Protein chains: 2
Amino acid sequence: MPTPDRTSLTEIVAAGTAILEAGGLDRLTMQAVAERVGVRAPSLYKRVRSRDHLIALIAEQTLHDLTEQLEAAAGLPGSDPRENLRAVARAFRSFARDRPDSYGLVFSQPREIANPSEALLAFASKPVLDVAAALVGPDDALEAARTVTAWATGFIFLELGGRFRLGGDVERAFDFGVDLLADGLQAASKSHPEPVAR
Amino acid sequence: MPTPDRTSLTEIVAAGTAILEAGGLDRLTMQAVAERVGVRAPSLYKRVRSRDHLIALIAEQTLHDLTEQLEAAAGLPGSDPRENLRAVARAFRSFARDRPDSYGLVFSQPREIANPSEALLAFASKPVLDVAAALVGPDDALEAARTVTAWATGFIFLELGGRFRLGGDVERAFDFGVDLLADGLQAASKSHPEPVAR
DNA sequence: ACCTGAACACCGTTCAAGT
DNA sequence: ACCTGAACACCGTTCAAGT
């Protein structure tokens, strides 16, 4: 006779995320997750292949949440592309500050563990890709988006990891970086002066 | 009566690095390190406070090695600063490709674990700082160096983590990024047209 | 002073037995 | 069909006992 479900995959992922954000990856044990969802550790394996699999699921959920923030930040197609770049970069950064451990999971877990689906990746890339295309034109949009994403993820990593320790104003360095990218991308777009309106 | 030393801190760190590079962080167990240096696991605690401490030591050693590569890549003070930036960026990237797990340690371990000394950090920052200063002038050198470092570490992370999956040519994206930064920094230096020669 | 075996607490994971 | 206790292999770490 079947037992009624005492938890769900959604609940498990949510519990894992909460534990991760409260205490870091070391505290994310199967036992802690089980306790939080009101079940014994072995039962988790009915919904999750392994701890690594759970980590991958949390990373995917986090990437999804991040994408939502980026989309909300990116302005409408008509608005000033430089201001849009600023807004997207700031959204990136404030998300990472809000949820540093989840964010760290998305970008620093090895490929074998956290490997988001093709579809989710395309979805997540769109806001940055759009902003980049508006600045630099369609031909270099992918390269421009990769440059922006690389800079943003790197900056955030260095900041969260406390690697900016030579003094100076980190805020100023952030603005300096955004402006440099915005100026550079706009200058690089001279061969495509007309924004594509299609 | 004292027992003759059967290993050393240097040997332990080297063994840990080798294990890390061969099998990733998960395989870096105290037992594996002990076995490699010819000792039992508890003996390691005579030279190393904890596994996390050993990880921190490996990260420091790696940062030291990386710095050497960056220094070798950075040209003499007189040479073309744009070419120097290219060379430093390439050195960064090829080091990360050679030793991805060690590199990952340096930049993605939380502050509480891997926290390199002030002196080592200053030493490591110098090559990029010099290149940046040559391009942008002294006033914005720190911000410029942070922008370059952020882009490079981010790009490498995304590449190593297999996050560039939207097609396109990753090589071209790398060149695009370097050129954008070089052009942007040079343009930003217009208020300091004379390179500082001192 | 360094090294060791034994022990402890704690993991992730498996599995037979329950309902 | 889901849940559980018991068990297994394997961690990091401590410590008293050896030399």
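Naming convention: chains lettered A, B, ... in sequence-line order (proteins, then strands); numbering from 1 in each chain. Fair warning: this is a prediction, and the values are worked out from it, not measured in the lab.
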Hey, does S8(B) reach any base, or is it just sugar-phosphate, or nothing, if we go heavy atoms under 4.0 Å? nothing
Between E83(A) and R90(A), is the salt bridge (Lys or Arg N to Asp or Glu O under 4.0 Å) condition met? List the steps. CA-CA 11 Å; E83(A) 201 42 58; R90(A) 268 196 296 253; 3.5 Å; yes
Donor + acceptor pair across side chains of R163(B), N115(A) (<3.5 Å): no
Would you mind telling me which residue lines up with the more 5' stretch of DNA chain C, D5(B) or P42(B), judged by nearest nucleotide? D5(B)
Close side-chain approach of V131(B) and V128(B), heavy atoms under 4.5 Å: no
Nearest to the side chain of K46(B), heavy atoms from C-beta on, is which of dC3(C), dC3(D), dT13(D)? dC3(C)
Any side-chain N or O of R47(B) less than 4.0 Å from the OP1 or OP2 oxygen of dC3(C)? yes
Between dT13(C) and R51(A), is there an OP1 or OP2 to side-chain N/O distance shorter than 4.0 Å? no
Do the side chains of L44(A) and L54(A) get nearer than 4.5 Å, heavy atoms only? no
So if I take every side-chain heavy atom of Q31(A) and compare against dC11(C), dC3(C), dT4(C), which nucleotide ends up nearest? dC11(C)
With no hydrogens and no angle check, do the side chains of Q69(A) and D65(A) hold a donor and an acceptor under 3.5 Å apart? no
Which atom pair, heavy atoms only, marks the closest approach of E143(B) to R172(A)? OE2-NH1, 3.4 Å
Once pairs are restricted to Watson-Crick or G-U wobble with both distances under 3.5 Å, how does DNA chain D read as a dot-bracket string, [ ] for crossings and | for other-strand pairs? ||.|||||...|||||.||
